[in-house]
Structures are given as C-alpha cells and as structure tokens.
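Note that this is a predicted model, so its numbers are computed, not measured. The figures here come from the full heavy-atom set of this structure, side chains too, leaving out hydrogens, waters and symmetry mates.
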Amino acid sequence: MSQITKRALEESLKRMLLKKPVNKITILDITEDCGISRMTFYYHFKDIYDLIEWSCAEDAAKALDGKKTYDTWQQGFLQIFQAVLENKPFIQNVYQSVSREQVENYLYTLTHKLLIGVVEEKAVGMDVHDTDKEFIANFYKFAFVGLMLDWIKDGMKKDPQQIIDRLSILIEGDITRALDKYRLDRPHQNP
C-alpha cells in the first residue's frame, strides 16, 4: 500500500506541475488531489522536495534498468536522457523552480551509479586503488552531467542519440587507458 500511496502523490505532483511551478504547490493541494490526509503525506515524505527527490530516484532506477556495464553504458545514458525527456514538464519546472544544485545532485548520483559500475568492470584483474577508480568515475560523471544540464537548459531540443554518439567517440577506450595508468604495479604519480 505504501508504494501505491507514494505513486499517487507523485502523479498528483506531476499533474500540478503542468499548471504551476513547484513553489506555488502546497502539500494540501497534493493531498486534496489524492484524497488523502496531510498526515499520510508526512508519513511518506517530509516535504514536497523530498517527494521530488523520491520521484527522480524512482524514474532513474527504471531508466538505468541494469545498463551499468561497459558494453551497455551508452544505452544507460540514452535511457537517462529518454526518462528526462518523458518527464520534460516535471524536469523543466523543477529545474527552474528549485535550486540547480538539487537537479545536479540527482544527476550526479544517477550517473555515478552507472559509471562506477563501468569502471569497476574494466578494473577487474587490475590492481587499482578505489580512490583512483572514484576519480575516473567522477571525471566522467561531471562531464555527462554538464552535457545533460546544458541540454535541459536549452529546452531538450537536441536528439539525445546524437549527444550519446558524440560522447562515445570521446570515451571509447579512455576508461581502460586511465585505469591502466593508475595500476599499482606500474610506476606513476597520482594527481
């Protein structure tokens, strides 16, 4: 029953975001639309931004759907773009109504999960410090999130497949080369 209530609250919020910005929506608006009490809302979420964060995390988990390997990272990123595009009014309203930092943090968390999986996979059999793996994953995370934020800011007009294709040219093989440079059994200097 808990997931059903959360989904109902999410759908209500998304419907309302088609009509007005987040900062004009109240918990009372959402609970009246769902036909539940405010206490029920507070049982699940501490505020509207908590609901937004939960909604984004749920959409992200569906978007990635296991596409966290080196062979599937492109599909994973494309699915992230598609999930954002499917929720365009919601994402643009949140992007314009709340701090950009919240949107960035959501995207950083989402893309880090994908990228650390790819880095870990490519590091199998290599003796590489976890801090170096994190550094590599974070580098790509910041690059991807920057591309996505620019895409959102520009109204999501560009075809996501074209962005992924261009990104693929830059990434192909670079993760493996980077890991090779950080291998503990090779002489190198950490940055």
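Applying the salt bridge (charged side-chain N to carboxylate O under 4.0 Å, His left out) test to Glu58 and every residue at least two apart in sequence or in another chain returns Arg7. By the side chain to side chain contact (heavy atoms under 4.5 Å, CB included) test, Tyr43 pairs with no residue at all, sequence neighbours left out. The side chain to side chain contact (heavy atoms under 4.5 Å, CB included) search around Glu134 returns His112, Ile116, Asn138, not counting sequence neighbours. In terms of the side chain to side chain contact (heavy atoms under 4.5 Å, CB included) criterion, residue partners of Arg15 (sequence neighbours excluded) are, by chain and number, Glu11, Ser12, Asp33. Listed by chain and residue number, nothing satisfies the salt bridge (charged side-chain N to carboxylate O under 4.0 Å, His left out) test with Arg38 (two or more places apart in sequence, or in another chain). Residues satisfying the ring-ring contact (aromatic ring centres under 6.0 Å, His included) criterion with Phe144, sequence neighbours excluded, are Phe77, Phe81. In this structure, the salt bridge (charged side-chain N to carboxylate O under 4.0 Å, His left out) partners of Lys133, at least two apart in sequence or on a different chain, are Glu120, Asp130. Applying the salt bridge (charged side-chain N to carboxylate O under 4.0 Å, His left out) criterion to Asp29, with sequence neighbours excluded, gives Lys20. Annotation: ring-ring contact (aromatic ring centres under 6.0 Å, His included) contacts of Phe142 (sequence neighbours excluded): Tyr108. Under the rule for a side chain to side chain contact (heavy atoms under 4.5 Å, CB included), the partners of Pro21 that lie at least two apart in sequence or sit in another chain are Asn23, Lys24, Asn93, Ser97. In terms of the side-chain hydrogen bond (donor to acceptor under 3.5 Å, both in side chains) criterion, residue partners of Ser55 (sequence neighbours excluded) are, by chain and number, Glu10.
Side-chain contact between Ile27 and Ile30: absent, with no pair of heavy atoms (C-beta onward) separated by less than 4.5 Å. Annotation: side chain of Thr111 is not in contact with side chain of Tyr140 (no heavy-atom distance under 4.5 Å). Looking at heavy atoms from C-beta onward, Ile36 lies in side-chain contact with Leu9 at the 4.5 angstrom threshold. Put simply, the side chain of Lys157 does not reach to within 4.5 Å of the side chain of Trp151, judged on heavy atoms.
Note that CG of Leu78 and CG of Asp165 are 8.5 Å apart. Values are rounded to the nearest 0.5 Å. Taking NZ from Lys6 and CG from Leu51, the interatomic distance works out to 10.0 Å, rounded to the nearest 0.5 Å. Within the model, atoms OG1 of Thr26 and CZ of Phe41 stand 10.0 Å from one another, a figure rounded to the nearest 0.5 Å. To the nearest 0.5 Å, the span separating CE on Met156 from CG on Asn87 amounts to 9.0 Å. A distance of 6.0 Å separates CD1 in Ile152 from CD1 in Ile91, rounded to the nearest 0.5 Å. Here Leu28 contributes atom CG and Thr31 contributes atom OG1; the two are 5.0 Å apart, rounded to the nearest 0.5 Å.
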- prompt: Checking side-chain hydrogen bond (donor to acceptor under 3.5 Å, both in side chains) for the pair Thr40/Ser37: CA distance, chi angles, key distance, verdict?
  reply: CA-CA 5 Å; Thr40 302; Ser37 71; 3.0 Å; yes
field: Residue pair Ile136, Phe139: steps toward the side-chain contact (heavy atoms from CB on, under 4.5 Å) verdict
entry: CA-CA 5 Å; Ile136 294 165; Phe139 173 81; 5.8 Å; no
message: side-chain contact (heavy atoms from CB on, under 4.5 Å), that's the test. Do Val145 and Met148 meet it? Break it down for me.
response: CA-CA 5 Å; Val145 169; Met148 177 154 281; 5.6 Å; no
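Between the side chains of Gln82 and Glu86, not a single donor N or O lies within less than 3.5 Å of an accepting N or O.
The number of heavy-atom neighbours closer than 6.0 Å to NZ of Lys88, taken from other residues, nucleotides and ligands shown, is above 12.
Applying the ring-ring contact (aromatic ring centres under 6.0 Å, His included) test to every pair with at least one member in residues 17-36, sequence neighbours left out, gives no pairs at all.
Shown here for Asp50 and His44, the closest heavy-atom pair between the two residues is OD2-O, 4.2 Å.
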